[in-house]
Participant: 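Let me give you the structure first, and then I'll get to my questions.
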Amino acid sequence: MGLLLGLLLLSNLLVVTYGHPILEVPESVTGPWKGDVNIPCTYGPLQGYTQVLVKWLVERGSDPVTIFLRDSSGDHIQQAKYRGRLHVNHEVPGDVSLQLNTLEMDDRSHYTCEVTWQTPDGNQVVREKIIELRVQKLSASKPTVTTGSGYGFTVPQGMRISLQCQAQGSPPISYVWYKEQTNNKEPIKVGVLSNLLFKPAVVADSGSYFCTSKARLGSEQRSDTVKFVVKDSSKPLEPKIKSPSTMQSPLEATSTMNSSWGWTTEVDGYVGKTSAGLGKGLPIFAIILIISLCCIVVTTMTYIMVCRKTPQQEHVYEVASRGKCL
């Protein structure tokens with residue numbers, strides 16, 4: 001009896017806990033000073049449940065303060081400090097994550113994500129989760145180099161394109177572009193912005209490039225070297241030359257010549273060997289043609305002999321008949 005009662009209590013607890021949408025958040029999030037951060041808060045939409053209210057609160061002293069409110073009338077930022085740098089996602093159902101830009105050190109605190117739904121029976125249910133936000137002064141990470149088009153690092157001449165250098169860290173982050181030289185010479189500086197623009201790209205721009213990044217804190221970081229190629233579209237493509245390894249042997253050449261004249265070699269389908277000897281080297285269609293001609297000649301000769309014999313018999317009969325009448 002006690003076991004049955006325990007199972008009933010457990011089932012009721014599961015219904016209460018999992019019968020409504022559940023908020024999913026991390027325990028803590030770290031953002032870069034002067035940079036941007038996303039504080040995740042999501043839930044799985046359930047059929048019959050309608051989101052009616054979204055709140056974000058921040059802990060200030062002993063009581064939490066509402067900094068964002070979303071209701072039927074729209075979005076409302078409640079604190080002047082966050083206006084212009086706070087945004088809550090509304091494009092994806094079930095995603096109410098908080099985006100906070102240009103972080104300051106005093107933004108460090110505990111943030112509460114609170115969502116209210118209307119249930120299928122007309123009641124309301126509220127769920128909330130707390131996330132700790134940490135703000136750190138971060139050095140620049142190793143930068144990565146990408147292009148602003150789908151061509152990759154090989155582009156046609158005359159195209160307007162840029163190489164993009166990107167790094168994570170506390171802004172401002174400074175960038176420098178370099179182009180490597182031949183004969184072990186020092187790379188030359190070619191740009192001081194995050195984007196290295198070619199307008200348009202010419203063949204002389206081809207080469208190996210890399211960029212560096214540096215934040216207020218930490219040392220300078222260098223990207224991997226990328227090979228940038230600009231193709232001259234005005235030059236015709238060089239014809240492909242057959243390599244010596246693909247040259248035909250004398251036997252293959254002979255076979256090719258025979259194929260060009262329509263000759264084939266008869267193969268014995270039973271023993272799997274090429275037929276040899278006088279007459280067997282003829283094409284199969286030639287043998288069939290000869291046999292057909294022979295059959296036609298024999299048939300024609302037989303027909304002629306039979307036709308000549310029949311008129312002679314009729315003539316003899318006619319003469320015999322006349323003699324009898326006389």
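Scope of the values below: all heavy atoms of this structure, side chains included, with no hydrogens, waters or symmetry mates. Keep in mind it's a predicted model, so treat the numbers as computed, not measured.
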Participant: Verify the cluster assignment for Ile290 and Met301: are they in a single hydrophobic cluster under the rule of side-chain heavy atoms below 4.5 Å apart?
Facilitator: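 Different clusters.
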
Participant: Ser109: which residues meet the side-chain contact (heavy atoms from CB on, under 4.5 Å) condition with it, sequence neighbours left out?
Facilitator: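 In terms of side-chain contact (heavy atoms from CB on, under 4.5 Å), with neighbours along the sequence ignored, Ser109 is linked to Val58, Glu59, Arg60, Tyr111.
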
Participant: Any non-hydrogen side-chain atom of Tyr178 less than 4.5 Å from a side-chain atom of Arg222?
Facilitator: no

Participant: Please find the pair of heavy atoms, one from Gln78 and one from Thr66, that lie closest to each other, and give the distance.
Facilitator: CB-O, 3.2 Å

Participant: Got a sec: does the CG of Asn184 have more than 12 other heavy atoms crowding it under 6.0 Å?
Facilitator: no

Participant: Output yes when a side-chain donor or acceptor of Ser206 lies under 3.5 Å from a complementary backbone atom of Val230, and no otherwise.
Facilitator: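 Side chain of Ser206 to backbone of Val230, a donor-acceptor pair under 3.5 Å: yes, one is there.
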
Participant: For Val96 versus Val88, what's the shortest heavy-atom pair and its separation?
Facilitator: O-CG1, 3.5 Å

Participant: In this structure, would Leu217 and Val176 fall into the same cluster of hydrophobic residues linked by side-chain contacts under 4.5 Å?
Facilitator: no

Participant: Rounded to the nearest 0.5 Å, what's the gap from OG1 on Thr147 to CG on Asn195? Could you check?
Facilitator: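 Answer rounded to 0.5 Å: 11.0 Å.
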
Participant: Specify the closest pair of heavy atoms between Arg216 and Pro172, including all atoms of both residues, with the distance to one decimal.
Facilitator: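 Minimum heavy-atom contact is NE-CD, 3.1 Å.
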
Participant: Does any non-hydrogen side-chain atom of Leu86 lie less than 4.5 Å from one of Trp56?
Facilitator: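 SC-SC contact between Trp56 and Leu86 ruled out.
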
Participant: Is there any side-chain hydrogen bond (donor to acceptor under 3.5 Å, both in side chains) pair reaching into residues 84-96, and which pairs are they, with sequence neighbours excluded?
Facilitator: Arg85-Asp107, Asn89-Asp95, Asp95-Ser97

Participant: Can you find a pair of side-chain heavy atoms, one from Glu104 and one from Lys34, that are under 4.5 Å apart?
Facilitator: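 Yes, close enough: below the 4.5 Å cut-off.
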
Participant: So, taking the atom named CG in Leu193 and the one named CH2 in Trp177, what distance separates them when rounded to the nearest 0.5 Å?
Facilitator: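 The CG atom of Leu193 sits 11.0 Å away from the CH2 atom of Trp177.
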
Participant: About how many Å separate CD1 of Ile131 and CD of Glu27, when rounded to the nearest 0.5 Å?
Facilitator: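 With rounding to 0.5 Å, CD (Glu27) is 11.0 Å from CD1 (Ile131).
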
Participant: Over all heavy atoms of both residues, which pair between Ala167 and Tyr175 is shortest? Give the atoms and the distance, please.
Facilitator: N-OH, 3.3 Å

Participant: Would you say Glu132 has more than 12 foreign heavy atoms packed within less than 6.0 Å of its CD?
Facilitator: yes

Participant: Pick out which of Leu103, Leu100, Val29 makes a side chain to side chain contact (heavy atoms under 4.5 Å, CB included) with Val135.
Facilitator: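 For Val135, the side chain to side chain contact (heavy atoms under 4.5 Å, CB included) test succeeds with only one of Leu103, Leu100, Val29, which is Leu103.
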
Participant: Quick one: does Trp33's side chain have a donor or acceptor within less than 3.5 Å of a partner on Leu138's backbone?
Facilitator: no

Participant: Ignoring hydrogens and angles, tell me if any N or O in the side chain of Asp36 forms a donor-acceptor pair with the backbone of Thr102 under 3.5 Å.
Facilitator: yes

Participant: Judged by modelled atom types alone, do Asn183 and Gln181 share a side-chain donor-acceptor pair under 3.5 Å?
Facilitator: no

Participant: May I ask you to decide whether Asp224 forms a salt bridge with Lys142, counting only side-chain N to carboxylate O separations under 4.0 Å?
Facilitator: yes

Participant: Same cluster or not: are Val125 and Leu53 linked, directly or through other Ile, Leu, Val, Met, Phe, Trp or Tyr residues, by side-chain heavy atoms under 4.5 angstrom apart?
Facilitator: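 Different clusters.
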
Participant: Rounded at 0.5 Å granularity, tell me how far CE in Met105 sits from CZ in Arg134.
Facilitator: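 Nearest 0.5 Å value for the CE-CZ distance: 12.5 Å.
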
Participant: Do Leu133 and Leu98 share a hydrophobic cluster, counting only Ile, Leu, Val, Met, Phe, Trp and Tyr and linking them when any side-chain heavy atoms are less than 4.5 Å apart?
Facilitator: yes

Participant: Taking Tyr209 as the fixed residue, which of Leu196, Val145, Thr225 is the one that meets the side chain to side chain contact (heavy atoms under 4.5 Å, CB included) rule?
Facilitator: Leu196

Participant: Would one find more than 12 heavy atoms of other residues, nucleotides or ligands at under 6.0 Å from atom NZ of Lys179?
Facilitator: yes

Participant: Using side-chain heavy atoms (C-beta onward) and a distance below 4.5 Å, is Gln221 in contact with Pro143?
Facilitator: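 Counting from C-beta outward, Gln221 and Pro143 do come under 4.5 Å.
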
Participant: Quick one: do Lys81 and Ile67 satisfy side-chain contact (heavy atoms from CB on, under 4.5 Å)? Show the steps, please.
Facilitator: CA-CA 9 Å; Lys81 176 183 177 181; Ile67 60 175; over 6 Å; no

Participant: Closest approach of Ile173 and Ala215, non-hydrogen atoms and distance?
Facilitator: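 Closest approach of Ile173 to Ala215, heavy atoms only: CG1-CB, 4.3 Å.
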
Participant: Is the side chain of Ser162 donor-acceptor paired with the backbone N or O of Leu197 at a distance under 3.5 Å, no angle test?
Facilitator: no

Participant: So which atom in Ile161 and which in Phe228 form the shortest heavy-atom distance, rounded to 0.1 Å?
Facilitator: CG2-CZ, 4.0 Å

Participant: In terms of hydrophobic clustering (I, L, V, M, F, W, Y; side-chain heavy atoms under 4.5 Å; direct or indirect links), are Ile130 and Leu69 co-clustered?
Facilitator: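 Shared cluster, no.
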
Participant: Rounded to the nearest 0.5 Å, what's the gap from CD on Gln166 to OG1 on Thr144? Could you check?
Facilitator: 5.5 Å

Participant: Kindly compute the distance separating CG (Leu46) from CD (Gln51), expressed to the nearest 0.5 Å.
Facilitator: 12.5 Å

Participant: Inspect the surroundings of NZ in Lys227 and state if more than 12 heavy atoms from other residues, nucleotides or ligands are less than 6.0 Å away.
Facilitator: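 12 or below, so no.
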
Participant: When you compare the side chain of Thr119 with that of Tyr49, does any pair of heavy atoms fall below 4.5 Å?
Facilitator: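 Result yes, sub-4.5 Å side-chain heavy-atom pair found.
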
Participant: Would you check if the side chain of Thr154 reaches a backbone N or O of Lys231 as a donor-acceptor pair within less than 3.5 Å?
Facilitator: no

Participant: Do NZ/NE/NH1/NH2 and the carboxylate oxygens of Glu114 and Lys129 come within less than 4.0 Å?
Facilitator: no

